[in-house]
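Below: the structure, in structure tokens.
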Amino acid sequence: MAQTADPVTMEKITALCKRRARVWEASGHLESFTDPLVDCRHCGQRFRADHLQDLECPEKPSKHPGEGPNCDLTEARAFNLMFETTIGPVKEQGATIFLRPETAQGIFVDFPQVLQTSRKKPPFGIAQVGKAFRNEITPGNFIFRTREFEQMELEWFVPPGEAERWFEYWTEERLRWYVDLGIRSDHLQLRPHGPDELSHYSSQTSDVEYLFPIGWSELEGIANRGDYDLRRHAEFSGKKLEYFDSATGERYVPHVVEPSAGADRATLAFMVDAYDEEEVEGEPRTVLRLHPRLAPIKVAVLPLVRKDGLPEIAQRVYQDVRRRVQAEYDEGGSIGRRYRRQDEIGTPWGVTIDHQSTQDETVTLRDRDSLQQERVPIAELAGELERRLDADWTTPKSG
Ligand code: GAP
């Protein structure tokens, strides 16, 4: 039987979606969120015109597109990156909607509600983590550029005269965030955008770049969006988006400074930066030198052997520490193999329960990076792990 939609419901949904689609008109994305695209008339492939030097000609991979003997590229044209779809079970009755290409716009649209309910005074920020979707022309390099990804954005609302100062503040702060979480500072740099690179909403942008294996590439962008977004949404909705300071009688449209980070790209940078290979006692060792706060498992609890009462003590230790830090219990395979497994996933500490543990209630605590082991009383173990987790940490990895 053909599926039909309740006409009243569909009418309401359509009206709502039309209003939602207007958000992307107001934000300028429908008109300006584009990348330059070229087609090859010979092979039929499409490329980002500004990435040709990083791409391979599909027919002659030793050459860049446009440099192969048969390449025949068109002039560059603007390609809109918005993902368009139709809402509702019947395509013809549905309204056109767009998947968000950035999380920021929801924050601008919600600005008056947040202002009213939180009673904040600029400077203040609204942050959001969530999915974003872009019809990228050339996705690739593992999770560096994908069509569905996760953004972490902060819209920082400030009095108009303070935007430049806050732009500087957030640029430094965001660079520091990566260093504090263990990324080598000589693998990070700030790169200000030239005037021809700026997004349609930005008067000033700096990228935090990381030296990925593909070369220096964008990790995060910090933009001075001025009053562009609030003014455009006010214009399109007919509602004022202002801050009124009742103490001074001052009324203004706040300016916005926006640090916008990609969670996937940051994950890639943290993993690339942490990856290490070395030789230990003549054997190769692969180790992920993640900052302990980033490591998914903080401690592995390992009975030396699966007998003599050691698994029982190890289980008791595991049940105790897992209430305080993320822990894993592993009794399968040789102790050396179990250490290597944990090294590869970046677990900073390993606890081994051996025969001495049955005598004196102590265990060995092994450090992933220095490989040093010390004996710690079981009663003090969880506290010691928390202390180490809280301590400052810099990567031992060089080069
Ligand atoms: N609201 C501003 C904005 O969206 P952007 O520079 O286009 O700015 C911010 O994106 C961050 O989102 C980038 O620095 C990057 O980390 C991440 N990002 C953007 N496009 C991406 C993609 N296709 N795949 C993975 N991450 C992406």
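Sequence positions, counted from 1, serve as the residue numbers for this chain. Just follow the structure's listing: the first ligand is 1, and inside any ligand the first atom is 1.
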So for D264, does at least one of its heavy atoms come nearer than 4.0 angstrom to any atom of ligand 1? no

N or O contact, E258 vs ligand 1, cut-off under 3.5 Å: yes

Taking the inter-plane angle between the rings of W170 and W156 on a 0 to 90° scale, is it parallel (under 30°), tilted (30 to 60°) or perpendicular (over 60°)? perpendicular

Atom indices of ligand 1 within 4.0 angstrom of F144 heavy atoms, with elements: 24 (N), 25 (C), 26 (N)

For E153, take its heavy atoms, then give the atoms of ligand 1 lying under 4.0 Å from any of them. 1 (N), 2 (C), 3 (C), 4 (O)

At under 4.0 Å between heavy atoms, which part of R145 makes contact with ligand 1: side chain, backbone, both or neither? both

Top protein contact for atom 24 (N) of ligand 1, by heavy-atom distance: T146 N, 3.0 Å

Pair E172-L190, side-chain contact (heavy atoms from CB on, under 4.5 Å): steps then yes or no: CA-CA 9 Å; E172 292 306 319; L190 282 172; 4.0 Å; yes

Please classify the R225 to ligand 1 contact at 4.0 Å (heavy-atom distances, strictly less than): side chain, backbone, both or neither. side chain

Short list, please: which atoms of ligand 1 are under 4.0 Å from a heavy atom of E136? 20 (N), 22 (C), 23 (N)

Check whether more than 12 heavy atoms from other residues, nucleotides or ligands sit under 6.0 Å from atom CD of E281, and answer yes or no. no

Got the closest protein heavy atom to atom 17 (C) of ligand 1, with its distance? G262 CA, 3.7 Å

Which heavy atom of the protein is the closest neighbour of atom 9 (C) of ligand 1, given with residue, atom name and distance? S260 OG, 3.0 Å

Check contact between Y201 and ligand 1, using heavy atoms of the residue and a distance below 4.0 angstrom. yes

Applying a 4.0 Å heavy-atom criterion (strictly less than), which segment of L219 is in contact with ligand 1: side chain, backbone, both, or neither? backbone

Aromatic rings F83 and F133: how do their planes relate, parallel, tilted or perpendicular, breaks at 30° and 60°? perpendicular

among protein heavy atoms, the one nearest atom 6 (O) of ligand 1 is E218 OE2, 3.0 Å

Could you pull out, from E102, R134, E155, the option with a heavy atom nearest to atom 5 (P) of ligand 1? R134

For atom 26 (N) of ligand 1, what's the nearest protein heavy-atom neighbour? Residue, atom name and distance, please. F149 CD1, 3.5 Å

Parallel, tilted or perpendicular, judged at 30° and 60°: which one describes the rings of F144 and F212? perpendicular

Numbered atoms and elements of ligand 1 in range of G221, under 4.0 angstrom, heavy atoms: 14 (O)

Could you walk me through whether E220 and R174 pass salt bridge (charged side-chain N to carboxylate O under 4.0 Å, His left out), step by step? CA-CA 9 Å; E220 163 164 356; R174 293 304 304 149; 2.7 Å; yes

Closest to atom 15 (C) of ligand 1 among R265, Q151, E150 (heavy-atom distance): R265

